[in-house]
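Here's the structure, in structure tokens; my notes come after.
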2 protein chains.
Amino acid sequence: MMDRYLVRYFLAVIDHGNFSKAAAACNVAQPTLSVGIAKLERGFGTPLFRRSNRRVELTAAGARLAAPARAVEASFAQAENAVRGSAASVPLRIGVLSTVPAEWVEAIARRLNDNRPGRLEIVEGGERALHERLRRARLDIALTIIHPSVDRLESEPLFSEGYSLALSADHPLARRTTIAAEELAENAMIVRRQCEVLSETSRHFTERGVRPHFSARTNSDLRAIGYVRAGLGVTVMPDCFQADGMTRPKLEDFHHTRTLGLAYRSDLDRSQEELARSIAILSETIDHLIR
Amino acid sequence: MMDRYLVRYFLAVIDHGNFSKAAAACNVAQPTLSVGIAKLERGFGTPLFRRSNRRVELTAAGARLAAPARAVEASFAQAENAVRGSAASVPLRIGVLSTVPAEWVEAIARRLNDNRPGRLEIVEGGERALHERLRRARLDIALTIIHPSVDRLESEPLFSEGYSLALSADHPLARRTTIAAEELAENAMIVRRQCEVLSETSRHFTERGVRPHFSARTNSDLRAIGYVRAGLGVTVMPDCFQADGMTRPKLEDFHHTRTLGLAYRSDLDRSQEELARSIAILSETIDHLIR
DNA sequence: CTATACTATAGGGAGCGTCTATGATGGATC
DNA sequence: GATCCATCATAGACGCTCCCTATAGTATAG
């Protein structure tokens with residue numbers, strides 16, 4: 001019946017010159033695309049490509065189909081744009097957990113801007129604030145901590161990580177992989193006030209008889225990192241924070257973890273499809289960042 | 001993803017003004033179409049139709065989609081025509097069994113001509129001749145007798161029928177539903193030379209001691225019917241022949257049947273899709289004729 | 001208030017699009 | 001000329017989703 005996906009396969013083969021690359025471009029396996037083209041050819045009763053082992057070239061019938069096939073794809077694109085029309089002015093609102101590295105947020109913003117039409121709004125906030133905004137439909141997607149409890153939101157976990165110490169690179173214990181709380185008794189500490197495990201951290205130290213004094217309290221991870229590198233003190237942060245001049249040894253017996261992922265409403269008035277694409281972009285970006 | 005079938009559903013709703021008729025036009029059940037439109041609306045994140053119980057009307061977004069959607073369908077049609085281009089000059093060759101009523105052939109020819117682009121060739125012939133032509137790829141489809149044996153051809157049975165007598169409406173036995181061979185001893189008979197069960201018929205009579213004389217021999221069913229109505233004699237024909245001035249009582253204990261259907265090659269160089277459409281048209285036409 | 005016409009929802013079944021694994025083919029290389 | 005590499009085709013299994021029937025919900029008409 002010459003369905004849309006077949007048109008895409010066909011155009012991909014033309015554009016990439018062979019089946020394998022075309023398949024990759026369509027996000028399908030090579031045999032899938034092979035079958036797809038065969039189906040088109042069966043449908044039309046005539047070959048569309050002349051296959052040689054070196055390259056694939058259009059037959060006469062294929063050449064006649066090429067331009068109209070592009071017209072098909074173009075008309076689809078036009079139709080999809082037409083209906084968005086008004087909706088395009090509604091910005092996509094992304095919430096990002098405050099305790100996500102600034103570079104990550106930057107990368108996310110760049111990728112979304114480049115690969116998606118329409119305006120973008122980024123909101124930072126703590127876990128609870130983001131959750132609340134989502135619940136009230138003030139956000140479309142949030143990159144935040146995902147809990148097993150399903151609290152009425154869709155969610156897609158992306159990765160889990162622990163928390164570890166942040167030490168200046170010239171700290172005496174900087175090269176150690178694991179450090180016990182007791183060894184840090186003499187160190188000043190920097191308080192990241194927005195930290196999700198702040199109370200757990202403080203309990204961890206007090207339970208081991210360590211009562212450090214606090215050299216700084218800040219809401220900004222960037223500043224906290226600055227303080228650490230300046231030798232002002234040590235702190236505990238999610239593993240994903242990395243910077244030159246700073247090492248990240250484990251804090252012994254501190255096993256808290258967080259799972260970051262995307263949370264979103266499924267009952268949105270916004271386009272499901274746009275949402276899905278944005279989610280895909282986000283998740284791909286993060287995948288790329290954590291490796 | 002806004003697939004092609006969804007575009008068709010959408011346009012059908014616009015054209016028919018309600019979901020139920022649109023579904024019928026698309027050959028799907030109403031819930032199917034309902035879900036399809038819902039899927040489009042979910043995909044776009046906005047309603048396309050305003051439903052009232054009396055009619056459905058386009059929303060603003062739906063109205064924006066309407067024209068581009070038609071463009072999509074048009075571009076598909078154009079693409080499909082483009083690739084046929086050369087193939088369109090090859091006529092579709094239909095074989096029709098000689099013992100199929102002339103009105104049927106006429107109806108078939110008309111339907112195919114109206115609903116299908118390209119030239120048409122109709123060949124009449126006996127069962128064996130048609131089969132031979134099919135085998136040699138001199139025919140695309142044949143409306144003929146289908147046997148359970150699968151002799152390398154695809155086939156689609158359409159209906160089975162028996163054979164019965166054909167009597168002039170003013171024949172003394174015309175109102176009877178069943179007549180025994182013996183009762184026809186004094187009648188003249190018309191020989192339809194092309195009849196598939198000619199030898200079985202003649203044996204049926206001779207075995208019962210009836211040796212009628214033959215008032216006419218013809219290859220034309222139309223003429224045979226004319227002779228019957230003129231009172232020249234009686235004959236045996238497939239049940240499907242019906243005409244004013246002629247009745248069709250059963251011949252007692254004559255239980256032969258034939259199954260008419262479509263036979264075709266599956267390994268054709270011709271377009272599978274065109275073939276499938278032609279077969280669908282044919283089978284629909286016959287369905288309509290036999291009721 | 002019943003009857004009618006229409007759309008939405010639920011749940012099961014089947015077709016087909018997709019996958020992985022494997023085969024087949026032909027050009028390049030030593 | 002044997003081997004390797006790149007390419008497309010085929011086979012069989014899996015799983016998604018399109019489609020169905022049955023049913024509910026809702027508004028208009030008589």
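Residue numbers begin at 1 in each chain, while the letters A, B, ... track the order of the sequences.
Atom CG in B/L48 sits about 12 Å away from atom P in C/dA8, given to the nearest Å. Rounded to whole angstrom, the span from the CZ atom of A/R50 across to the C1' atom of C/dG26 amounts to 17 Å. Atom CZ in A/F19 sits about 18 Å away from atom C1' in C/dC19, given to the nearest Å. One atom, CG of B/N18, and another, P of C/dT4, lie 18 Å apart when rounded to the nearest Å. Between the CZ atom of B/F49 and the P atom of C/dA8 there is a distance of 10 Å, rounded to whole Å. Between the CD atom of A/Q30 and the P atom of D/dA9 there is a distance of 7 Å, rounded to whole Å. Going from atom CG of B/L40 over to atom P of C/dA8 covers 13 Å, rounded to whole Å. In this structure, CZ of A/R42 is placed 13 Å from P of C/dC16, rounded to the nearest angstrom.
For B/V35, taking side-chain heavy atoms from C-beta onward, the closest of the listed nucleotides C/dT9, D/dT7, D/dC19 is C/dT9. Closest to the side chain of A/K21, from the set D/dT7, C/dT7, D/dC19, is D/dT7. With distances taken from any side-chain atom of A/S34 to the nucleotides C/dC6, C/dA8, D/dC8, the minimum falls on D/dC8. Candidate nucleotides C/dT9, C/dT7, C/dA21 were compared by shortest atom distance to the side chain of B/V56, and C/dT7 ranks first. Taking every side-chain heavy atom of A/A29 into account, C/dT20 is the closest of C/dT20, D/dA9, D/dC20.
Residue B/S52 places no side-chain N or O under 4.0 Å from the OP1 or OP2 atom of D/dT28. Side-chain N/O atoms of B/R51 include one lying less than 4.0 angstrom from OP1 or OP2 on C/dA8.
The residue B/T32 sits close to a base: some heavy atom pair falls under 4.0 Å. Using a 4.0 Å heavy-atom cutoff across all strands shown, A/Y9 reaches sugar-phosphate atoms only and no base atom. Here B/D3 lies out of heavy-atom contact (under 4.0 Å) with every strand.
The aromatic rings of A/F159 and A/W104 sit tilted relative to each other, their planes meeting at an angle between 30° and 60°.
Side-chain atoms of B/R258 and B/L97, non-hydrogen and from C-beta on, do get closer than 4.5 Å to each other.
Side-chain N or O atoms of A/D140 include one that pairs as donor or acceptor with a backbone N or O of A/R93 at under 3.5 Å.
Between A/F76 and B/F76, a ring centre-to-centre spacing shorter than 6.0 Å is recorded. Note: B/F19 and B/Y9 fail the aromatic proximity criterion, with ring centroids not under 6.0 Å apart.
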